[in-house]
Protein chains: 2
Amino acid sequence: MSEPQEQLTPAAERILEAASDLFYWHGIRAVGMEAIAKAAGVTKKTIFDRFGSKDTLIVEYLRRRDRRWRRRMLEVLDQVSEEHPEHKLLATFDALSAWVRDENPRGCAFINAYSEIGDREHPAMDVITGQKQWLIGLLRELADAAGARDPEALTSKLMVLHEGITVMNSIQLSADPIGAGRDAAVTVIRAELPDASAF
Amino acid sequence: MSEPQEQLTPAAERILEAASDLFYWHGIRAVGMEAIAKAAGVTKKTIFDRFGSKDTLIVEYLRRRDRRWRRRMLEVLDQVSEEHPEHKLLATFDALSAWVRDENPRGCAFINAYSEIGDREHPAMDVITGQKQWLIGLLRELADAAGARDPEALTSKLMVLHEGITVMNSIQLSADPIGAGRDAAVTVIRAELPDASAF
DNA sequence: CTAAAAGTATACTGACCGGTGAGGTTACTT
DNA sequence: AAGTAACCTCACCGGTCAGTATACTTTTAG
């Protein structure tokens, strides 16, 4: 039913890798196909033979990034005991810290793409909202499991913190947005749990 | 010394107004000069006669928006007594709520521009960082005045919330990011003040 | 009243954009 | 031996972009 792991040809792999790098660092519209071809050591023809259009290449870029982000997040959460969902809730911020530090210094690729793509009918829109919805769903489940007083409100608050951390980290104007955001998350989670003993 | 209120010609006024609208809603790179001319009921020549280049027009767009944002923020803060800096701290979120609701539904214009402009030498960069620095400075002063235990940390936390609210509001995937963010701010501010009686 | 400033209309330049067409080479299957 | 997928070269297309040129008209302020 679903595409399992679309094996890419060597050239296609290089193309997607180069495009991802350029798109993320310079913006989607700022990067031309010629530049991608050059960076990938490939001709423009090959790009269009493999991906068909710039729009599909954009979609693949976001899809792959989303996959990597989810994997990283789940890896971190797996190291936290199932018996402490409130610790998992906080651990999402540890995953975010690592992600933002290593691979996300220029802000959220999905939010950036969202603001760059004017057209709400663009095929990338589903990937973008999908990425956010996934995290919302994840936080919501953990908030429920942790027995939060108002799981939906807690989810919204933590989402605000997640996105705020990503943005503030990217502009590098605040001392330690990652640490500050995580500290705020601790305070917020603790305030939302009836059992004050957490952490 | 400084340009006080650069009186614009009627056409220039319409140009800047039209450009601001288009830039904000469709993105800077997505909007061409021809489209701006059409929307302003003006010829392209007039645009270049008045503004010289697209880059300067972008800078003016951001400058004007920054001015309006600061004015709105200060108006709200002025209605809060000087004797309660912690209430002013919270009031920045009321100002943000109104701003985000009426004039900022597509995310922060400055962050959007930041992600769209690849070139870190672009003249708009100063306006962008200036806008953020201003809010950081404002929050920092209020945090000091409120006697926060760690004013710098509190500033960072509140900045994270400000930016997170703006982003989450723009993607419209979370129930009430404005309310949730404000609630989180209350919790965070209270936790940072030695005097627990606040609010 | 008059001259400068501000505006109109239209046509243009040169660079770049996403995307295509025609054809050739290599390497692995069948 | 034939077929095929995955590349390559390179010239080319229509379209759009920021910005300019020329020439004429309107607004405005001393």
Side-chain angles (χ1 to χ4, degrees), chain A residues 3-62 113 116-119 121-125, chain B residues 3 5-62 112-113 116-119 121-125:
Chain A
E3 335 127 65
Q5 49 201 37
E6 27 181 303
Q7 185 59 18
L8 295 177
T9 65
E13 184 63 41
R14 264 149 51 216
I15 291 164
L16 186 50
E17 216 49 42
S20 297
D21 200 69
L22 290 169
F23 283 157
Y24 183 62
W25 283 91
H26 304 289
I28 290 171
R29 302 192 73 113
V31 175
M33 300 303 270
E34 211 118 37
I36 296 171
K38 195 167 197 175
V42 147
T43 56
K44 221 166 46 155
K45 185 90 201 331
T46 306
I47 301 184
F48 284 96
D49 283 350
R50 295 298 136 249
F51 293 93
S53 73
K54 186 178 184 179
D55 281 344
T56 4
L57 188 54
I58 292 169
V59 168
E60 290 310 314
Y61 148 62
L62 292 173
E116 250 190 291
I117 300 170
D119 181 15
E121 305 299 311
H122 194 286
M125 280 300 161
Chain B
E3 333 125 67
Q5 48 202 36
E6 25 180 303
Q7 185 59 18
L8 296 177
T9 66
E13 183 64 40
R14 265 150 49 219
I15 290 164
L16 187 49
E17 216 50 41
S20 297
D21 200 70
L22 291 168
F23 283 157
Y24 183 63
W25 284 90
H26 304 289
I28 289 171
R29 301 191 74 111
V31 174
M33 301 302 268
E34 211 119 36
I36 295 171
K38 196 167 197 174
V42 148
T43 56
K44 225 166 47 151
K45 173 142 196 308
T46 306
I47 300 184
F48 284 95
D49 281 351
R50 294 301 129 244
F51 294 93
S53 72
K54 185 178 185 180
D55 281 344
T56 14
L57 188 54
I58 292 169
V59 169
E60 290 310 315
Y61 148 61
L62 292 173
N112 290 351
E116 249 190 292
I117 301 169
D119 181 16
E121 305 300 311
H122 194 285
M125 282 298 163

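Labels below follow one simple rule: chain letters A, B, ... track the order of the sequence lines, proteins then strands, and each chain is numbered from 1. Computed from heavy atoms alone, side chains included, the values below leave out hydrogens, waters and symmetry copies.
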(request) State whether the distance check finds a donor on one side and an acceptor on the other, under 3.5 Å, for side chain A:Lys45 versus base C:dG21. (result) no
(message) Please list, in numerical order, the residues of residues 19-32 of chain B that have a heavy atom closer than 4.0 Å to any atom of DNA chain D.
(response) B:Val31, B:Gly32
Do the side-chain N or O atoms of [X] get closer than 4.0 angstrom to the phosphate oxygens (OP1, OP2) of [N]?
| X | N | value |
| --- | --- | --- |
| B:Thr9 | C:dG7 | yes |
| B:Thr43 | C:dT8 | yes |
| A:Thr46 | D:dA6 | no |

Between [X] ([atom1]) and [N] ([atom2]), how many Å, whole number?
| X | N | atom1 | atom2 | answer |
| --- | --- | --- | --- | --- |
| A:Lys44 | D:dC12 | NZ | P | 14 Å |
| B:Phe48 | D:dA18 | CZ | P | 7 Å |
| A:Ile47 | D:dA6 | CD1 | C1' | 15 Å |
| A:Lys54 | C:dT20 | NZ | C1' | 17 Å |
| A:Arg50 | C:dG19 | CZ | P | 16 Å |
| B:Lys38 | C:dT10 | NZ | C1' | 15 Å |
| A:Glu34 | D:dT9 | CD | P | 12 Å |
| B:Phe51 | D:dT20 | CZ | C1' | 18 Å |

(request) Take B:Met33 and B:Leu57 through the test side chain to side chain contact (heavy atoms under 4.5 Å, CB included) and record every step on the way to the result. (result) CA-CA 10 Å; B:Met33 301 302 268; B:Leu57 188 54; 4.2 Å; yes
From [X] [atom1] over to [Y] [atom2], what is the distance, rounded to the nearest 0.5 angstrom?
| X | Y | atom1 | atom2 | result |
| --- | --- | --- | --- | --- |
| A:Arg14 | A:Leu8 | CZ | CG | 12.0 Å |
| A:Thr43 | A:Ile15 | OG1 | CD1 | 8.0 Å |
| B:Tyr61 | B:Phe23 | OH | CZ | 8.0 Å |
| A:Ile28 | A:Leu22 | CD1 | CG | 12.0 Å |

(message) Quick check on DNA chain C: between B:Pro10 and A:Asp55, whose nearest nucleotide comes earlier from the 5' end?
(response) B:Pro10
(request) Search all heavy atoms of A:Lys54 against all heavy atoms of A:Val31 and return the closest pair with its distance. (result) NZ-O, 2.8 Å
(request) Give a yes or no on this: more than 12 heavy atoms of other residues, nucleotides or ligands lie within 6.0 Å of atom CD of B:Glu34. (result) no
(request) Describe the nucleic acid contact of B:Gly52 in one word from base, sugar-phosphate, nothing, applying a heavy-atom distance below 4.0 Å. (result) nothing
